[in-house]
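All values below were derived from every heavy atom in this structure, side-chain atoms included, with hydrogens, water molecules and symmetry-related copies excluded.
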Number of protein chains: 2
Amino acid sequence: MNLQKKLNQAGLRHTHARQVVMSILEEATIPLSPQSIYQRSLEKNEDIGLVSVYRTLELLDEFSLIRRVHGREDCHGYVLASPGHHHHLVCRECEKAVEFTGGDDLSGLLNRIQQETGFEVEGHLLQLFGLCPECQKGKENHA
Amino acid sequence: MNLQKKLNQAGLRHTHARQVVMSILEEATIPLSPQSIYQRSLEKNEDIGLVSVYRTLELLDEFSLIRRVHGREDCHGYVLASPGHHHHLVCRECEKAVEFTGGDDLSGLLNRIQQETGFEVEGHLLQLFGLCPECQKGKENHA
DNA sequence: TCCTTATTGAAAAATATTATCAATAAGGAA
DNA sequence: TTCCTTATTGATAATATTTTTCAATAAGGA
């Protein structure tokens with residue numbers, strides 16, 4: 001389901017500011033902070049306010065249309081999210097973020113931890129860091 | 001190895017401010033933000049500046065004596081880190097953070113993702129969220 | 001005890017986020 | 001299409017957070 005439908009369904013309006021933020025996220029390959037989304041909107045000569053960026057991100061987050069991705073250093077940015085449960089793999093060089101599915105690979109771990117700690121595990125945050133294929137090639141060239 | 005030794009070894013000084021920050025983290029059961037560490041130092045009538053809190057956290061992080069823990073909403077706080085590779089399990093109710101070891105449970109997943117994406121995976125961020133044993137009891141009482 | 005200098009803390013500057021509110025425009029109704 | 005209602009916007013101000021600057025201090029070896 002796309003943004004417009006979701007908005008209508010929730011009785012919300014499909015506005016210019018929201019469309020711009022969504023487009024910028026759709027075009028991006030790396031996680032974007034509110035500030036950098038705002039910067040890109042200026043570069044595109046789209047006249048939206050920084051405040052609308054924050055508000056739209058909050059909205060998109062509620063609709064699970066975007067997801068927060070943490071960097072090694074900086075705290076987080078947002079990327080478009082496919083429907084369903086996904087995690088992200090981030091390139092340390094070009095920052096590109098790609099999705100992957102956790103599958104059942106975590107269930108063993110989760111069960112073990114529940115046993116060991118007595119916690120009732122409800123959710124998890126998993127992110128991988130590494131070098132994407134392109135940046136691996138880049139490295140070779142310099143070697 | 002404790003803080004003092006690490007500092008000496010690196011030619012750094014064991015100062016009051018650094019000791020205070022370290023003590024506060026040692027006493028804490030939940031992840032603390034720079035601001036909240038500063039607040040606790042005030043409550044303890046320890047006269048250290050907020051800036052030193054930031055600087056000390058940076059230092060402790062370099063020494064791997066602390067680790068960043070992300071909340072569901074708020075971005076992150078710091079907890080004391082045991083030596084070695086660990087992850088954290090955070091209670092959604094009392095915010096308590098406990099460590100656990102990933103073991104080999106992730107290696108299958110990591111290999112699969114490397115295959116599928118072509119990324120060279122170098123590191124990962126894994127955190128679990130849930131209810132700790134104490135807060136599970138609390139819930140029962142209200143039922 | 002003295003000296004060197006890493007470290008501190010106060011204040012200012014820079015950055016990021018949230019609240020306020022009159023003006024605007026989205027989108028259904030006529 | 002045009003009108004109306006009101007959700008939404010964006011400018012501004014208010015907060016909060018983080019970093020920089022720099023003279024004064026204190027850690028710790030000589």
Practice problem: Step through the shown structure and confirm whether more than 12 heavy atoms of other residues, nucleotides or ligands are within 6.0 Å of CD on A/Gln115. | Solution: no
Self-check item: Opening and closing nucleotides of DNA chain C in contact with chain B, under 4.0 Å to non-hydrogen atoms
Solution: C/dT5 to C/dA11
Quiz prompt | For A/His124, all residues meeting ring-ring contact (aromatic ring centres under 6.0 Å, His included), sequence neighbours excluded | solution = A/His85, A/His87
Quiz prompt | Base-pair map of DNA chain D as dot-bracket, where | denotes pairing with a different strand and pairs are Watson-Crick or G-U under 3.5 Å | solution = ||||||||||||||||||||||||||||||
Exercise. May I ask you to decide if B/Ile113's main-chain N or O and B/Thr117's side chain share a donor-acceptor pair within less than 3.5 Å?
Key: yes
Exercise. Only counting residues at least two apart or in another chain, list the ones meeting salt bridge (Lys or Arg N to Asp or Glu O under 4.0 Å) with B/Glu58.
Key: none
Self-check item: 5'-most by nearest nucleotide on DNA chain D - A/Ser52 or B/Gln4
Solution: A/Ser52
Quiz item: How many angstroms lie between atom CZ of A/Phe119 and atom CD of B/Gln136, to the nearest 0.5 angstrom?
Solution: 8.5 Å
Self-check item: Qualifying residues under salt bridge (Lys or Arg N to Asp or Glu O under 4.0 Å), relative to B/Arg13, sequence neighbours excluded
Solution: none
Exercise. Do nucleotides 15-23 of chain D as a string where each nucleotide becomes B, S or -: B if the base has a protein heavy atom under 4.0 Å, S if just the sugar-phosphate does, - if no protein is that close.
Key: --SBBB---
Donor-acceptor contacts under 3.5 Å from residues 46-56 of chain B side chains, at least two apart:
{"residue": "B/Glu46", "atom": "OE1", "partner": "B/His16", "partner atom": "NE2", "Å": "2.8"}
{"residue": "B/Thr56", "atom": "OG1", "partner": "B/Ser52", "partner atom": "O", "Å": "2.7"}

Exercise. Would you please name every residue forming a disulfide (SG to SG under 2.5 Å) with B/Cys75, sequence neighbours left out?
Key: A/Cys75
Practice problem: State plainly whether the residues A/Arg40 and A/Glu27 are in salt-bridge range, i.e. N to O under 4.0 Å. | Solution: no
Quiz item: Do any pairs count as a side-chain hydrogen bond (donor to acceptor under 3.5 Å, both in side chains) and have a residue in residues 75-84 of chain A, sequence neighbours left out, and if so which ones?
Solution: A/Ser82-A/Glu99
Exercise. Using side-chain hydrogen bond (donor to acceptor under 3.5 Å, both in side chains) as the criterion, list what pairs up with B/Ser23, not counting sequence neighbours.
Key: B/Gln19
Under 3.5 Å, sequence neighbours excluded: what are the donor-acceptor pairs made by side chains of residues 60-69 of chain A?
{"residue": "A/Arg67", "atom": "NH1", "partner": "A/Gly84", "partner atom": "O", "Å": "3.3"}
{"residue": "A/Arg68", "atom": "NH1", "partner": "B/Glu73", "partner atom": "O", "Å": "2.9"}
{"residue": "A/Arg68", "atom": "NH2", "partner": "B/Glu73", "partner atom": "O", "Å": "3.4"}

Quiz item: Contacts to DNA chain D from residues 10-17 of chain A, heavy-atom cutoff under 4.0 Å, which residues?
Solution: A/Leu12, A/Arg13, A/Thr15, A/Ala17
